[in-house]
Structure formats: structure tokens, C-alpha cells
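All values below come from the heavy atoms of this structure, side chains included, with hydrogens, waters and symmetry mates left out. What you see is a predicted model; the values in this text were computed from it and never measured.
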Amino acid sequence: MSGLAQGAKYRGSIHDFPNFDPSQDAEALYTAMKGIGSDKEAILELITSRSNRQRQEITQSYKSLYGKDLIADLKYELMGKFERLIVGLMRPLAYCDAKEIKDALSGIGTDEKCLIEILASRTNEQIHQLVAAYKDAYERDLEADIIGDTSGHFQKMLVVLLQGTREEDDVVSEDLVQQDAQDLYEAGELKWGTDEAQFVYILGNRSKQHLRLVFDEYLKNTGKPIEASIRAELSGDFEKLMLAVVKCIRSTPEYFAERLFKAMKGLGTRDNTLIRIMVSRSELDMLDIREIFRTKYEKSLYSMIKNDTSGEYKKALLKLCGGDDDAAGQFFPEAAQVAYQMWELSAVGRVELNGTVRPANDFNPDADAKALRKAMKGLGTDEDTIIDIITHRSNAQRQQLRQTFKSHFGRDLMADLKSELSGDLARLILGLMLPPDHYDAKQLKKAMEGAGTDEKTLIEILATRTNAEIQAINEAYKEDYHKSLEDALSSDTSGHFRRILISLATGNRDEGGEDREKAREDAKVAAEILEIADTSSSGDKTSLETRFMTILCTRSYPHLRRVFQEFIKMTNYDVEHVIKKEMSGDVKDAFVAIVQSVKNKPLFFADKLYKSMKGAGTDEKTLTRIMVSRSEIDLLNIRREFIEKYDKSLNEVIEGDTSGDFMKALLAICGGQD
């Protein structure tokens, strides 16, 4: 197994086999391959149960006992993906990496993704071992081969990484952090064109600890994460490489969790990627990758491998994975503490919220009113003009426009738009024309109209709005429908779900900071109601449920973040996962929405937007509702979360999933490509 830093805990899934006897293992493998056919089960069981160091000893013993090369025999006896996996395990990690890179550079075209993955993620020591292994195995210079097969800034960054000279000092200079953040800003955002050399130098040489602080400083100074600037300023393979470097700086296990997920999602499996990662990380950080995978994708790595692969290949991969984490949101203790620290950081870093629709600088309500009247007068409708004006004015300006339209023409702009437009475009444009509180009130009313109730809409709106927004919605609802929102909710919902919605609809959430002592008490209540506390409370279940509802519905966001931290610290569980396991129905959905909103509201909406457009058919109502309601609040942040999680921009997904004038209007609100 790889050497560990002093005091570090081993996080691999493969361990040294106890009472190891290389000669006995060599004999067992020889027997498994002797005669017609081979005992694949015995081969995979033995090889996946030994550490890499032990496998090298088995290889040596095999040669001593039988005068044969074990890897050559395995290649002869096995085939396909299973053979690639087993042979990969038999090589030392550096030689395995060397073989992957040689294959990536060989033949027609280059596998840039493989080069990026290996060179962006390896430590200095691993890079040095890789270079030496490549030279030993192929009698070639790795740097020369990479230079011969790549070009431009992509090539330059690969060569820098290949030196294995990243600083490793944990002592960080605050002045240099500020200087590097400023240099990156000036090299990209502030410069006509981009000074790629600065990105290469800083991201290719500074220590991980230093760069994490640079990224924090960059976010603080510019209001956007470094990833957003890289996407805006760089392109092609160079952009992909720099994003991979940033991801590995932030968290190498998270980078690999994401790579594994993408290797298996959708139709087909990227087996080369899957094999490479499972082999190379099995003795380094597989437990951390597993934990992050389950946290991020709400399913275990084990279960995804099980559903996506088959045969001996599947069995071997599952052995390398080392266990199934779908036993419901349980953290490994070490990973729980990492999660706790991440919450600490998230509580410090406050990202400025920005919409995509802003007031028009040269706003002229008279000219706009005339242009809209002309667009709707006579035969046919000029939808392009309507879209251009309505989507490029703030809501306050649209209200002025409504008044001006009535003053000039004695007509109701909303009524005219309603008669001229139809379908999804009409719903979108009319939604933009309503004041936000009246728009939300209308969405709530529609959710409770007719047969059945749209609980998802009720939850989405009431779980995410601020006190001021909720109070305005209450007033708008009363004004428009002559009935209180509370009465409407009471008559249309029931039980514990009704109590949650009514509590949220009071708009009475605390707006102060956190109270650490109270947060510990609240975390204990959460643990007891979710039935994972070490000690049982004297309070009855109904009383605890009420207290849990009160905590989630009335505590401030900063306080709830602290509660979630304390919950992790106390139980080694994530509260969101436990709610999903222990609760059901609308109550579960409401509590999960509150927790996700507290953790990261833009990400909550990014997820809902993605789900509204993935698969067959589009949920136009959800898509419209979120694009309208968040356009002046945090849609820019939602866009950033969207591309970060789904590796494609919101703009791109809208283009692929909608059409016509509805698409044009949505893209205008979206505000650009990321």
C-alpha cells in the first residue's frame, strides 16, 4: 500500500491480506489458469483481495516457480474489460499510469481526457514515479512524447504539471494570496484577450493550500468563482485541463467521484475511465470517493456499478469499491468531519446573489408602450419585439410600462398581451408582467385549484421565500382572491403537511445569526425525531415532531446551517439523507426542500430546472415559474450551480429542450451562455 503522511488515516478500500503467502497465491493462480478454460472467480477473488505490493510479490513468485510471466498468462486467459481490469491491478500504480498515457498518445488522435485526469490529479511524488516508469517501460521520454502529440497552452500546462514541482509548503503568505488572486483577475476578466501564461504559472505551481485561499479571495473580490472565469476566458482542452486542476485543488476525491458518475450515467459505460479510476484510487482515497459520491448523487457508488456492469467484471469492480453505502445517509466518521469543516467554510463564504434581468439603462416607457402597441396592432403579432422589450426590463419598469400603456391608449397591456399571445410564451410573458408577489400568489392559487393539489409548487414557493416576500404574497393573495392564504392552505391540505405550510406561510422566520448552544439543542431534537440519537428524550413523539417543524420553519438560515453542522458532529449523519430515509410523502418533500434551500438555494433551483427538462417531455410550468421568479434575484448564481453540477450550461439545455418564441424568451431571461 502507498505510504501515508504521518498521522494520516488510510482511506483505501484494499488492504494487505493477512497471513500472506506469495508462493501459495502464485500456485493458486497457476491452478486457476491450467487446462481448458480458467477459473475466473478464483482469479478475481485472489487478486482483488491483495494489495498492490503483495501482487508484485506474487508476480515474482510466479516467475520463480513456473518460469512464466503472470501478466502475460492473465492476458492470454482473460478477455475484454475484465482482462483490462485484472491486468491493471497487477501493475504498480506508476506503470499503470504510464500504460494509460502511452495508450492515450498512441494511434490516431489523442485521448486528452485521460491525460487531463492523470496529470491534474497526481502528487509530485506520483508524477516523478510516472515519468521514471514511462522511461523504464517504453525507453522514451514522456515530456517529449506529450510535446509531440499536443499543442498550445494545453501542451504548456501539461508540461508544467509533468515537472512535479508544485509547492508543498503549508505556510501561506496572505500578501501572495491577494497578489495571485489579483493577477488572475487581471489576466482574465480585466484584460482584452487572456494572459494564459499567468493561469499556467499560478495554477501549475502554487501549493494546494495556497490556491484554496486564492480561490476564496478571488470569489470575495469578483463575486464569481474561479471556475466561472476559466469557462469564460479559456476554451477547448486547455479550459478542461484548468477546470480539472481547480477541482483537484479543491478536492481530489470529489473530482474522481464526478468522473465515476459521468462514466456510468446515461446510455453506455466509459469502461476505460471506470477501470482506470477504480484501479488507481483503490489504495489511496476510495472511501472518500464513495462518501462524496453518495452525498453528491444520492446513490452509492456500489449500487451504480452493480446496475451498470455485469459478470466477473462487475464482481471485481465491486470488490475494489469495498462496500455499499446505501444504508441510508450514514457518513464514515472521517468524512463526516470533512463535511463538518465544509459547512464551516460555507458559513464563512457568502456569495453575492445576482439576477440576470436588470433595469434597462435607457428606459423610455413612452417609446416602449408605442412599440408594444405597434407589435400587437393589426393582423399578426410581432413576438420578437414583445420578447425583446419585456425580457430586457426590470419588473419595476414593466409596472411603469403598464401604466404608461393605459395612459396613452386607454387599454390594459396585460389583456392585450393575453389576447395576442398563446401557450407557453403567453404564460411566460404574462408572468413577467405581474409583480413578483402577485405572481407567486397566482402560482399558489393555481396549485390549489381544481381536482388535486400541486404540492410540489406549494413547497417550492413557501420553502424558499424570505419573510418579506412571504408577507407580500399574503397581502397579494388577499387582494386578488379575497381570501387569506392561510385559509386556502387549511382547506386544501391536511395533517402535518398543512401545519408545515401554514408555519412557512406566516413569514415569521428568525432573521438573526446563530446561537451555538441553541443549535446543539436543536440538533439533538432533530436526532431524536429522526431516531438516531444515543439517548432518548423524555418528550413524546408528537411534541418532538412539533419542535422539529418549529426548528426548520422558524429558525434563521445561519442558525440552521449551524444546526446541520452540529447534527453531523453529533451523529455522523447528514440531516437531509436521514429525512429522506425516515420520512415519506409531502412532509418529507417539504423538509428536504427547506434543508436544501438553507444549504444552497441557487443549487436547489438548479436541480429543479434540470429535472424540469431532463428525459422525455418538459415540465414547462416549473421551468417558467423558476425563470420568472428568480430572474432578478439569483438566476446568475443558479446558472453557475447548474453548469458546475451538470457540466452543461442552463442556456444549452434550454436550447436543446424548448423551441420557437418560448425558447427565445427563456434564453433572453437566462442572460447568456456560461
Side-chain angles (χ1 to χ4, degrees), residues 1-6 8-35 38-79 81-102 118 122-123 125-139 275-287 312-313 315-323:
M1 289 180 286
S2 303
L4 290 171
Q6 192 170 7
K9 290 188 177 179
Y10 181 67
R11 302 294 293 152
S13 55
I14 299 295
H15 299 260
D16 280 334
F17 189 75
N19 305 315
F20 172 60
D21 183 336
S23 298
Q24 188 177 317
D25 284 353
E27 188 177 334
L29 287 172
Y30 182 77
T31 303
M33 292 186 282
K34 194 167 65 173
S38 54
D39 185 349
K40 297 179 182 66
E41 189 81 32
I43 292 169
L44 82 85
E45 186 64 37
L46 193 150
I47 289 175
T48 59
S49 300
R50 307 298 186 268
S51 67
N52 193 275
R53 178 187 62 78
Q54 290 174 331
R55 292 182 208 122
Q56 305 320 307
E57 289 188 51
I58 295 169
T59 301
Q60 192 58 50
S61 292
Y62 193 89
K63 185 167 277 188
S64 300
L65 288 169
Y66 305 108
K68 301 179 74 175
D69 184 277
L70 176 55
I71 288 181
D73 280 3
L74 287 166
K75 281 183 174 180
Y76 180 78
E77 292 292 335
L78 308 177
M79 59 188 295
K81 297 173 284 192
F82 181 55
E83 178 257 314
R84 289 206 302 276
L85 176 60
I86 293 298
V87 169
L89 287 168
M90 292 308 302
R91 292 190 176 103
L93 176 59
Y95 284 82
C96 195
D97 280 350
K99 175 72 165 62
E100 290 291 318
I101 286 185
K102 185 72 169 66
I118 291 174
R122 301 313 192 242
T123 64
E125 183 184 357
Q126 289 166 346
I127 291 285
H128 297 152
Q129 291 169 352
L130 160 62
V131 171
Y134 193 90
K135 185 80 170 174
D136 180 51
Y138 307 110
E139 297 182 349
I275 290 167
R276 186 171 56 244
I277 297 172
M278 295 302 290
V279 168
S280 66
R281 310 315 291 186
S282 60
E283 294 185 40
L284 295 173
D285 51 8
M286 185 58 71
L287 297 188
E312 283 87 9
Y313 176 54
K315 291 176 185 174
L317 286 170
L318 293 177
K319 287 274 288 181
L320 294 179
C321 182

Side chain to side chain contact (heavy atoms under 4.5 Å, CB included) evaluation trace for Lys315 with Glu45
CA-CA 9 Å; Lys315 291 176 185 174; Glu45 186 64 37; over 6 Å; no
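- Between Tyr66 and Tyr30, the ring planes lie parallel to each other; the angle is under 30°, not in the 30° to 60° tilted range.
- Taking CG of Asp69 as the reference point, atom NZ of Lys63 lies at 5.0 Å (rounded to 0.5 Å).
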The test is side chain to side chain contact (heavy atoms under 4.5 Å, CB included); show your working for Asp25 and Tyr62 and say whether it passes.
CA-CA 9 Å; Asp25 284 353; Tyr62 193 89; over 6 Å; no
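- Closest of all the heavy-atom pairs between Ser13 and Cys321 is CB-O, 3.6 Å.
- Contact record, Ser38 with Ile43: CB-CD1, 4.4 Å, taken as the closest heavy-atom pair.
- With rounding to the nearest 0.5 Å, the separation of CG in Leu29 from CD1 in Ile47 is 5.0 Å.
- Looking only at side-chain heavy atoms (C-beta outward), Glu139 and Tyr134 stay at 4.5 Å or farther from each other.
- A pairwise comparison of heavy atoms in Val279 and Cys96 identifies CG1-SG, 4.0 Å as the closest pair.
- No side-chain donor-acceptor contact under 3.5 Å links Arg55 to the backbone of Arg91.
- Distance check, rounded to the nearest 0.5 Å: CZ of Arg84 to CE of Met79 gives 11.0 Å.
- Here the closest non-hydrogen pair linking Ala316 and Thr48 is O-CG2, 4.0 Å.
- Checking side-chain atoms of Gln54 against main-chain N and O of Phe20 turns up no donor-acceptor pair under 3.5 Å.
- Heavy atoms from other residues, nucleotides or ligands lying under 6.0 Å from OH of Tyr138 number more than 12.
- Going from atom CD1 of Ile86 over to atom OH of Tyr313 covers 11.0 Å, rounded to the nearest 0.5 Å.
- Defined by atom type and a distance below 3.5 Å, a donor-acceptor pair is present between the side-chain atoms of Tyr95 and Asp136.
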Side chain to side chain contact (heavy atoms under 4.5 Å, CB included) between Leu65 and Ser23, worked out
CA-CA 8 Å; Leu65 288 169; Ser23 298; 4.3 Å; yes
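- In this structure, the separation between CG on Leu70 and OG1 on Thr59 is 5.0 Å, given to the nearest 0.5 Å.
- To the nearest 0.5 angstrom, Ile275 atom CD1 is 10.5 Å from Leu320 atom CG.
- Under 4.0 Å is where a charged nitrogen must lie from a carboxylate oxygen, and between Arg11 and Asp285 no such pair does.
- A donor-acceptor contact shorter than 3.5 Å links the side chain of Gln56 to the backbone of Asn52.
- Checked for salt-bridge contact, Glu57 and Arg53 meet the test: a charged N lies under 4.0 Å from a carboxylate O.
- Using a 4.0 Å cut-off between charged side-chain N and carboxylate O, Glu77 and Lys40 make no salt bridge.
- No donor-acceptor pair closer than 3.5 Å links the side chain of Asp39 to the backbone N or O of Met33.
- The shortest distance between side-chain heavy atoms of Glu283 and His15 does not fall below 4.5 Å.
- Closest non-hydrogen pair, Leu284 versus Gln126, comes out as CD1-NE2, 3.7 Å.
- Counting heavy atoms from C-beta on, the side chains of Leu287 and Tyr10 never come closer than 4.5 Å.
- Across Leu74 and Glu83, no two heavy atoms sit closer than the pair O-CG, 4.3 Å.
- At a threshold of 4.5 Å between non-hydrogen side-chain atoms, the residues Ser280 and Arg122 count as touching.
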Kindly indicate, with the supporting measurements, whether the criterion side chain to side chain contact (heavy atoms under 4.5 Å, CB included) is fulfilled by Leu89 and Ile14.
CA-CA 11 Å; Leu89 287 168; Ile14 299 295; over 6 Å; no
